[in-house]
**Q** 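Pasting a structure below so you can have a look.
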Number of protein chains: 2
Amino acid sequence: MPPTLRPPAARPRRVTIRDVATAASVSTATVSYVLNDTPGQTITEATRRRVREAAVALGYSPHGVARALREGQSRIVLLAVPSMRGGRGLESFVAGMSAELRTLDHSLLVTTSEDGLPREAIQAIAPRATLRLADFLAESAWRGPVLGAFDGRLAGLEFHTLTQLRHLAERGHRDIAFALPDHPDPIADQRVAHVEGAATSLGLGPVRVLRLEMGEDAHARRAAVRELAEATPVTAVATYSDDVALGVLGAMAALRLRAPDDLAVIGFDDGEAGRVSQPALTTVRIDAGGFGRRAARVALGLDPGEWVESPSEVIVRATT
Amino acid sequence: MPPTLRPPAARPRRVTIRDVATAASVSTATVSYVLNDTPGQTITEATRRRVREAAVALGYSPHGVARALREGQSRIVLLAVPSMRGGRGLESFVAGMSAELRTLDHSLLVTTSEDGLPREAIQAIAPRATLRLADFLAESAWRGPVLGAFDGRLAGLEFHTLTQLRHLAERGHRDIAFALPDHPDPIADQRVAHVEGAATSLGLGPVRVLRLEMGEDAHARRAAVRELAEATPVTAVATYSDDVALGVLGAMAALRLRAPDDLAVIGFDDGEAGRVSQPALTTVRIDAGGFGRRAARVALGLDPGEWVESPSEVIVRATT
DNA sequence: CGCTAGCACTTAAACGAATAAGTGACTAGG
DNA sequence: CCTAGTCACTTATTCGTTTAAGTGCTAGCG
């Protein structure tokens, strides 16, 4: 049987603006004006009430598709993420963005797209705006006044990275490494740049960048970590993610090195694994909810609103 | 400044079916018939070519919103997931579903919704179908012939759970525990039921269910794991996720218990953390791509197609 | 008393596609 | 020679909203 689509099911009649108009004995235009609170329209309170009551009585809700056709775009913003494997940071970002959009009568939909814009989805729903996460992480929309270095203005990931390194600096570490996965990553270069910037502004020495093997080859990991711990002055390693941190810690355990004495380790984005493993991982918890809200407003072309305070904090556990 | 939406930007004129019709000197109906290969229409090959050439020359692509209004639903299927924190399983599921839908001229969009259907998104885009992940995991759509127990037909999670426990059974374990997070979870009960079913069909003893504290309280975890290892005949523990497995392993390390000798541990869904931590975690890798494809076809009301073979396998590492 | 202005609405035209129901021209059958 | 049928298209309607442009009525002003 060839995979042909069967014809769409017979349409269950839906409640339209016309039904509301009839019920309230007005025209559809009046209904639209009332329900949308269109400014500059003179409609008596009595009529307004009639319309509103008819609408709820019939259970009317506007047909987003028809509206989108008329308005040229749907009340949706599309977020393109590289993959569905998110952490706490992405989760809170999406939650915040979604909540803020709901407030503004829009909704958030997520799509995966490796690179480029999700053209098919855009064709399909004509979103009000499309945001690529990787782009946005470096976007000036994140900027706002912030305590610390960098002339007071920081992008999101920059800020979290500063949080991460500041903790290390406060513990007295001067020579640090930054470990990131060896597999390709859209924002790896950005992250490295942020780490180097943060290190400079905190007065640390040059950062050793370590691309850690994240496959089954534990030997390679061990060799890399041994080299780091024994042949360099590095005393602490900040990581791209909790997973990478766990890799460093795993190699250290095999080498009988202890955190934080032999090497301090701090993760990023507070996953479950780091919390429950042994030794418990120090990490930075990112509350991207505020950023998500900002992202929502920026996507709709609104004023981003107030800057959110302390969007990231260090969760101190056993490895620093 | 009150947060009012600014008026939609002046619409950049888009290429419509009318433009194509004009360019090809035919009516819009003809264009539609040609581009959609509508059956039962007699249109000469010459005309068809003219239309198609005009369409590509103008860069025409149909306006999904207009089409959705006319057809009553958009060519989109909506997947509602409880959170953006997915693992390999979700990632491959989404990838497979998305790919299959693309084949069928639809696209996949993801939304988060704690419980219930994502009503706002549905209103907004009138999706062809909406799938709640949690529902779908238990759905009969997953069913197909499969080697092993359960009269040859298994749902997806059932299948993966069987893979997980079979490995333990093959290693000679009879008394096992199943550890799951203590925080609420939409599919926890299902998982437990599947584990019990699998244990029965494999001839194992009754399964001890352990809800593991997944917060900062390492003592509680340790106490629970000590009890399990010392006061029960349990020799192996299967877990809800790699994260839970790492928690068990962490507690074991603190108690100086060794895997697999004191207690064997097998995770679920092969995350990065389990692969790189020490000892390296045995786990089950789920390739949900095939399930995603099936889901796509089921969502569109098509025949699910052939059953996919071996959608999950055990990655044997150091803990079993 | 004629005219304008405001009020409280209504009419009608989009938005872009899909498709049922035509419409001439030509062919074939009786 | 008349009619029915096919061919190759076209015309016109529909989906459900939003919104510019009316419309009839009353009040107020000069």
Side-chain angles (χ1 to χ4, degrees), chain A residues 5 7-22 24-51 55 58-75 105 123-126 128, chain B residues 5 7-22 24-51 55 58-75 105 123-126 128:
Chain A
L5 289 176
R11 233 181 277 200
R13 194 149 137 54
R14 68 159 17 245
V15 178
T16 74
I17 199 174
R18 186 159 279 113
D19 299 320
V20 178
T22 307
S25 323
V26 292
S27 68
T28 61
T30 302
V31 175
S32 176
Y33 290 141
V34 169
L35 297 184
N36 294 313
D37 271 323
T38 309
Q41 236 36 56
T42 53
I43 297 170
T44 58
E45 196 44 51
T47 304
R48 286 178 189 276
R49 192 165 26 245
R50 275 213 323 285
V51 169
L58 296 174
Y60 169 74
S61 70
H63 191 346
V65 173
R67 175 180 272 176
L69 177 59
R70 170 70 221 230
E71 297 194 326
Q73 54 199 7
S74 55
R75 300 200 183 172
D105 202 21
Q123 293 288 353
I125 62 170
R128 171 78 186 264
Chain B
L5 289 177
R11 229 179 280 201
R13 201 155 131 49
R14 67 158 20 244
V15 178
T16 75
I17 200 174
R18 187 159 279 114
D19 299 320
V20 178
T22 306
S25 325
V26 293
S27 68
T28 61
T30 302
V31 174
S32 176
Y33 290 141
V34 170
L35 297 183
N36 294 313
D37 273 324
T38 310
Q41 236 38 52
T42 52
I43 298 172
T44 56
E45 194 46 49
T47 304
R48 285 177 189 276
R49 191 165 26 242
R50 273 210 328 284
V51 168
L58 296 175
Y60 169 75
S61 70
H63 191 347
V65 173
R67 177 182 271 173
L69 176 59
R70 170 69 221 231
E71 298 194 326
Q73 54 198 7
S74 56
R75 301 200 183 172
D105 203 22
Q123 293 289 354
I125 63 170
R128 170 77 186 261

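The chains referred to below are lettered A, B, ... by the order of the sequence lines, with proteins before strands, and numbering in each begins at 1.
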**Q** Side chain of B:Ala66: nearest nucleotide among D:dA8, C:dA17, D:dT17?
**A**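 It is C:dA17.
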**Q** Name the nucleic acid region contacted by B:Thr44, choosing base, sugar-phosphate or nothing; use a 4.0 angstrom heavy-atom cut-off, strictly under.
**A**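 Sugar-phosphate: the residue B:Thr44, judged by heavy atoms under 4.0 Å, touches backbone atoms but no base.
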**Q** Hey, does the side chain of B:Arg48 reach the backbone of B:Ile43 with a donor-acceptor pair shorter than 3.5 angstrom?
**A**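 Side chain of B:Arg48 to backbone of B:Ile43: a pair is present.
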**Q** Can you find a side chain N or O atom of B:Ser27 that sits less than 4.0 Å from OP1 or OP2 on D:dT10?
**A**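 For D:dT10, OP1/OP2 do have a side-chain N/O of B:Ser27 under 4.0 Å.
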**Q** Mind checking B:Thr16 for me? I need base, sugar-phosphate or nothing, with any heavy atom below 4.0 Å counting as a touch.
**A**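 Here B:Thr16 touches the backbone only, sparing every base.
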**Q** Is the distance from OP1 or OP2 of D:dT19 to the nearest side-chain N or O of A:Thr38 less than 4.0 Å?
**A**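 False: A:Thr38 side-chain N/O out of range (4.0 Å or more) of D:dT19 OP1/OP2.
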**Q** Given side chains that start at C-beta, do those of A:Val31 and A:Val34 come closer than 4.5 Å, heavy atoms only?
**A**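 Heavy-atom side-chain distance check fails, nothing below 4.5 Å.
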**Q** What's the separation between atom CD in A:Gln41 and atom OG1 in A:Thr30, rounded to the nearest 0.5 Å?
**A**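 Output value for this atom pair is 8.0 Å.
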**Q** In Å and rounded to the nearest 0.5 Å, what is the OG1 to CD1 distance from B:Thr22 to B:Ile17?
**A**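 If we round to the nearest 0.5 Å, B:Thr22:OG1 and B:Ile17:CD1 are 11.0 Å apart.
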**Q** Rounding to an integer number of Å, can you tell me how far A:Tyr33 OH sits from C:dT11 P?
**A**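 Whole-Å distance recorded here is 13 Å.
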**Q** Scan A:Thr47 against the nucleic acid and name what it touches under 4.0 Å (heavy atoms): base, sugar-phosphate only, or nothing.
**A**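 Sugar-phosphate contact only.
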**Q** Can you check whether any acceptor in the base of C:dA18 is under 3.5 Å from a donor in the side chain of B:Ser32, or vice versa?
**A**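 Answer no: no donor N or O sits under 3.5 Å from an acceptor.
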**Q** Would you kindly compare B:Val65 and B:Gln41 by the position of their nearest DNA chain C nucleotide and give the one closer to the 5′ end?
**A**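 Whichever sits nearer the 5' end wins; that is B:Val65.
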**Q** Report which part of the nucleic acid A:Thr42 touches: base, sugar-phosphate, or nothing (heavy-atom distance under 4.0 Å, all strands).
**A**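 Counting heavy atoms under 4.0 Å across all strands, the contact made by A:Thr42 includes a base.
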**Q** Any side-chain N or O of B:Thr28 less than 4.0 Å from the OP1 or OP2 oxygen of C:dA18?
**A**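 No, no such contact exists.
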**Q** Specify the separation, in whole Å, of atom CZ of A:Arg50 and atom C1' of C:dT10.
**A**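 The answer, rounded to whole Å, is 14 Å.
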**Q** Please state how far atom CD1 in B:Ile17 lies from atom C1' in D:dC9, giving the value in whole angstrom units.
**A**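 My rounded result for the distance is 14 Å.
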**Q** Could you work out which one of C:dA20, D:dT17, C:dA18 sits closest to the side chain of A:Arg18?
**A**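 Taking heavy atoms from C-beta onward, the closest nucleotide is D:dT17.
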**Q** Would you say B:Arg67 reaches C:dG16's phosphate, i.e. side-chain N/O to OP1/OP2 under 4.0 Å?
**A**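 False: B:Arg67 side-chain N/O out of range (4.0 Å or more) of C:dG16 OP1/OP2.
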**Q** Go through C:dA20, D:dG16, C:dA17 for me and flag the one nearest to the A:His63 side chain.
**A**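 Given the options C:dA20, D:dG16, C:dA17, the side chain of A:His63 is closest to D:dG16.
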**Q** So does B:Arg70 reach the base of C:dA17 with its side chain, donor to acceptor, closer than 3.5 Å?
**A**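 There is none.
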**Q** Closest nucleotide of DNA chain D for B:Ile43 versus for A:Ser61: which of these residues is on the 5' side?
**A**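 Nearest nucleotide further toward 5': that of B:Ile43.
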**Q** How many Å lie between CD on A:Gln73 and C1' on D:dT17, as a whole number?
**A**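 Nearest whole value for this atom pair: 15 Å.
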**Q** Nearest-Å distance, CG (A:Leu69) to P (C:dA13)?
**A**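 Going from A:Leu69 (CG) to C:dA13 (P), I get 17 Å.
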**Q** Rounded to whole angstroms, how far apart are CD on B:Glu71 and P on C:dA20?
**A**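 Checked: the CD to P distance equals 12 Å.
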**Q** From OH of A:Tyr60 over to P of D:dG16, roughly how many Å is that when rounded to an integer?
**A**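 About 10 Å, once rounded to whole Å.
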**Q** When the distance from CZ of A:Arg14 to P of D:dC15 is rounded to whole Å, what number comes out?
**A**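 Spelled out: CZ on A:Arg14 to P on D:dC15 is 12 Å.
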**Q** Got a donor-acceptor contact below 3.5 angstrom from the A:Arg50 side chain to the A:Ala24 backbone?
**A**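 Indeed, once roles are kept as given, a pair shorter than 3.5 Å links the two residues.
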**Q** Drop me the distance from B:His63's NE2 to A:Ile125's CD1, to the nearest 0.5 angstrom.
**A**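 B:His63 NE2 to A:Ile125 CD1: 11.5 Å, rounded to 0.5 Å.
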